[in-house]
Amino acid sequence: MEEVGPSSPLPVTKMAVDNPEMLMGLCTEYCLRNLKSTLCYLLDTNILHLHPIFLPSEICDTLVNTYVELVNTDNNFAPYKNFFKLFSKPDNTRLSRVHLREDLVQDKDLEAIEDQDLVELHLINCEKLTAKSLQTITKFRHTLVSLNLFGCSNLFCEEENSEDCEDDDCLANSTHRFLIKDFTFEDFSRLRALNLGHLTEDVNVDLLLRPLTSLSSLDLSKVPLKNITFLTQWKERLTSLVLYNIDLSEDHIRVILQLCNLRHLDISRERLSIYKFKPTKKVLSMLVQNLTNLVSLDMSGHVMLENCGVNEMDEEPGQPSTDPSKSSIIPFRILKKPLQFLGLFDTSLCSLKNIPAYKVTGGKNEDQILNAIEAYTEYRPEIASRALNHLFDITRTEHCEQVLRALKLVIAALKYHRYEKNIQVTGSAALFYLTNADYRSKQNMKVRRQVIQVVLNGMESYQDVTVQRNCCLTLCNFGIPEELEFQYHRVNELLLSILNQSRQDESLQRIAVHLCNALVCQVDNDHKEAVGKMGFVTTMLKLIKKKLTDKVCDQVMEFSWSALWNITDETPDNCEMFLSYSGMKLFLDCLNEFQEKQELHRNMLGLLGNVAEVRKLRPHLMTSQFISVFSDLLASKADGIEVSYNACGVLSHIMYDGPSAWMIPEPPREDVMERMWQAIQSWDVASRRNINYRSFEPILRLLPQTVSPVSQHWATWALYNLISVYPDKYCPLLIKEGGIALLEKVLQMESSRLETKEMAR
């Protein structure tokens, strides 16, 4: 038997429709998780080799890019050694568009695919790449159309001892680094799009870029540039320019105004930066007048020197409008049509009523906030974290209208930035509110599983109390254990890890124990045995011992005993573990220390009922001390009949072993049996119960026997009570497990008491 679940089950609600996964995605992930049995084979060297097949770029690109995503976002997915070598031969594999990120990528990985004709190469925050990879990139110069080197801070650095050190340790152990200053994009004749965000300081950008004759998109985020006149060499071609967090000046603006074909311009900045430049009404007017092709403008984070917006009293009446003629931002009234995108996050302009743009980032409303998270998550975590904070405020105090979009954006942010504390804290807090019961019907199973995955990633990757508390609280919003079953082993492992930490936060400990209890309630025995082997029983006993030492009986103490009750249900190994680690001593000590705690007594006796159901363990309970305690508890009125009922259940299983197993002189077996009869007769047979039976087998085995009529009576009473009070649940179970035939045997047995027969009939 086990306790009724510690939290009520979520109400059944109609969920959002699940769209089926794309077959390509399912096949790709399956192949990557099972490379040895699908695309590859192993030689004696234990190195993977691709089967003699040909894979086109559509498949190879997907394999590589999905592999990178799995390594960076799924803690259960381990990277393969020399994975990129599988794609080294263009005769077998073709790569065209490759997106790599984070520390997964090393020089040797890029070198492995140097013979491929890449059209698109994105290397984002790949800090392990050095100047060796810069030379590898030149191998792609004749085919590359798009190149992204954002955050590859060591790419232009050579290590003095790079020839001798191991790949993983080069940067850590190097004694001297020097800058590569003579590299240029010579012969990159097809290159159209280039991202050099976070470029190493002191690189001569003008010299580096001068050979690029076909450039149309350039990102120079956070690159210190005093002079940008070199941009005018592409004034007829450049359609996208990003100058995020660059210390602008009037000279910069004058150059930008010459780039007449710009469609996207980003001059935004981080709000807390110390740059002096502040746009004026005149600057905004000139940008609009000169850049007539502009459809996207980002000026987030800027403080305007002049009043570029109208007063609230002067705004056009009626609903908000994107019509430029009604614009509340005065310089934008000369626009011929609304902008597609306008970045106003961390500016006063986002709060104005009439903004001539279809998509606006800001902090005024939910739409602006979600736009900001979407626009800034990948490359600007410092801004995305504040946007997430705005979303958290909305989810906490208001109703989120675009909950599915919000969830997907928060999930993406948490995946991209597993080690950014601000994003992990605010993102996990927002998830707690976005997954509560109010939004349940708008979420499909796929999204909810993604939430669980990203929450578990956060718990693993960031050992911060606030993050872990937020993640645990979010898990409480899910149906437990059914919605967590696909990650059952992992979530239990994480919770036990939290509970085994030497220094513990009280609220986190309480939530973690509650979750542990819920996870072992109403699951099959295989799950319970597996969790027991992970240290579940010993962890709960440790918590109980600590609370007992502190003389504190709180929710952690009660939940810990409840969890032990649940995990020992029909699992003899876990029952034995409880006894082996001094569980009975803790039971007696808790009973003595907390004599008035009825809920605690119920949980402890429920657990001992499970132990007593295991025949080989019952001799451990056969001591004068234990039997006296169980006998005294027969008279308990704590928690209705529950404590008395459970104590009688323990004794009923002990009595079932017969007089020969009664190895103690005191108390006498007959006296205990008489007290059991008195207790059963005092119970109200219509009592409602805080108990859950998944099987009647432990009770049914007490029916067809003559050695202990009182045990037979307890079992008959238990069945009568359960099927009378809960007929829909327990009548089918009684029939399914052959209980009718066994009750008929009770009626035929001469040793059965009359009251037992009457109840059986």
Side-chain angles (χ1 to χ4, degrees), residues 6-7 75-76 385 389 392 414 417-432 452-477 480 484 487-520 531-564 566-567 577-578 580-583 585-587 589-590 593-594 597 599-600 603-604:
S7 57
N75 289 21
N76 283 339
S385 67
N389 205 41
F392 166 69
L414 291 171
H417 304 290
R418 284 162 62 184
Y419 302 101
E420 288 279 348
K421 181 177 179 179
N422 289 337
I423 283 184
Q424 290 296 322
V425 169
T426 54
S428 57
L431 281 184
F432 168 68
I452 292 167
Q453 293 265 31
V454 83
V455 160
L456 298 182
N457 284 349
M459 291 170 69
E460 280 176 338
S461 303
Y462 213 92
Q463 302 302 312
D464 175 84
V465 169
T466 307
V467 172
Q468 294 195 334
R469 188 192 302 119
N470 290 347
C471 290
C472 286
L473 283 170
T474 300
L475 291 177
C476 291
N477 286 336
I480 303 173
L484 300 183
Q487 292 281 296
Y488 192 79
H489 184 277
R490 185 181 176 202
V491 69
N492 274 291
E493 208 167 45
L494 283 167
L495 291 170
L496 293 179
S497 173
I498 288 172
L499 291 172
N500 280 310
Q501 291 169 5
S502 53
R503 307 181 90 185
Q504 297 203 355
D505 175 81
E506 284 289 328
S507 62
L508 175 58
Q509 185 185 63
R510 185 173 62 254
I511 301 162
V513 174
H514 166 79
L515 281 167
C516 281
N517 191 15
L519 280 161
V520 294
V531 174
K533 290 173 182 174
M534 287 164 55
F536 189 101
V537 174
T538 53
T539 299
M540 294 302 140
L541 290 173
K542 264 193 261 181
L543 292 173
I544 292 167
K545 189 174 182 180
K546 176 67 169 61
K547 291 295 179 182
L548 184 62
T549 303
D550 297 340
K551 299 185 184 301
V552 173
C553 182
D554 56 7
Q555 285 186 320
V556 171
M557 170 74 92
E558 291 179 2
F559 281 153
S560 297
W561 278 107
S562 177
L564 288 171
N566 287 323
I567 201 173
M577 211 178 299
F578 169 79
S580 300
Y581 288 93
S582 306
K585 182 180 185 306
L586 282 177
F587 159 69
D589 290 344
C590 286
E593 182 65 38
F594 308 112
K597 296 293 184 178
E599 181 85 3
L600 182 68
N603 293 346
M604 293 194 298

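All values below were derived from every heavy atom in this structure, side-chain atoms included, with hydrogens, water molecules and symmetry-related copies excluded. Residues take their numbers from the sequence shown, with the count starting at 1.
- No side-chain heavy atom of Glu460 sits under 4.5 Å from any side-chain heavy atom of Arg418.
- In this structure, the side chains of His514 and Gln555 stay at 4.5 Å or more apart for every pair of heavy atoms.
- In this structure, CG in Leu496 is found 9.5 Å from NZ in Lys542, a value given to the nearest 0.5 Å.
- In this structure, the side chains of Phe536 and Thr539 stay at 4.5 Å or more apart for every pair of heavy atoms.
- Here the CD atom belonging to Gln487 is positioned 9.5 Å from the CG atom belonging to Leu494, to the nearest 0.5 angstrom.
- Contact between Cys472 and Ile511 at its shortest, heavy atoms only, is CB-CG2, 3.6 Å.
- Under the 4.5 Å side-chain criterion, counting only non-hydrogen atoms from C-beta, Leu541 is not in contact with Ser582.
- Considering every non-hydrogen atom in both Val454 and Leu431, the closest pair reads CG1-CD1, 3.9 Å.
- Legend: residues meeting ring pair (Phe, Tyr, Trp, His ring centres under 6.0 Å) with Phe392, ordered by chain and number and at least two apart, are Tyr433.
- Separation of atoms CG (Asn517) and CG (Leu564) is listed at 9.0 Å; rounding is to 0.5 Å.
- Counting heavy atoms from C-beta on, the side chains of Val556 and Ser560 come closer than 4.5 Å.
- Scanning both residues, Tyr462 and Val467, for their nearest heavy atoms gives CD2-CG2, 4.0 Å.
- Separating the CG atom in Leu543 from the CZ atom in Arg510 is a distance of 13.5 Å, to the nearest 0.5 Å.
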Review point. Yes or no on side chain to side chain contact (heavy atoms under 4.5 Å, CB included) for Val537 and Ile567, after CA distance, side-chain angles and deciding distance?
Key: CA-CA 8 Å; Val537 174; Ile567 201 173; 4.2 Å; yes
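- Side-chain contact check for Ser385 and Asn422: no donor-acceptor pair (N or O, by modelled atom type) lies under 3.5 Å.
- Smallest separation of non-hydrogen atoms from Asp505 and Leu508: OD2-N, 2.9 Å.
- Ser507 and Arg469 make their closest contact through OG-NE, 2.9 Å (heavy atoms, listed as atom of the first residue, atom of the second, distance).
- The two residues Ala563 and Val520 make their nearest non-hydrogen contact at O-CG2, 3.8 Å.
- In this structure, Met459 and Val491 have side chains that are not in contact, with every pair of non-hydrogen atoms separated by 4.5 Å or more.
- Remark: the backbone N or O of Gly458 is not paired with any side-chain donor or acceptor of Ser461 at under 3.5 angstrom.
- Note: Asn470 CG to Leu475 CG = 11.0 Å, rounded to the nearest 0.5 Å.
- Using a 4.5 Å heavy-atom threshold, the side chains of Thr466 and Gln424 count as separate.
- With respect to Glu506 and Lys547, a salt bridge is recorded, a charged nitrogen being found less than 4.0 Å from a carboxylate O.
- Partners of Phe594 by side-chain contact (heavy atoms from CB on, under 4.5 Å), not counting sequence neighbours, listed by chain and number: Leu548, Cys553, Met557, Cys590, Lys597, Leu600.
- Side-chain atoms of Leu519 and Asn566, non-hydrogen and from C-beta on, never get closer than 4.5 Å to each other.
- In this structure Tyr581 satisfies the ring pair (Phe, Tyr, Trp, His ring centres under 6.0 Å) test with no other residue, sequence neighbours excluded.
- Interatomic distance, Gln504 CD to Gln509 CD, rounded to the nearest 0.5 Å: 4.5 Å.
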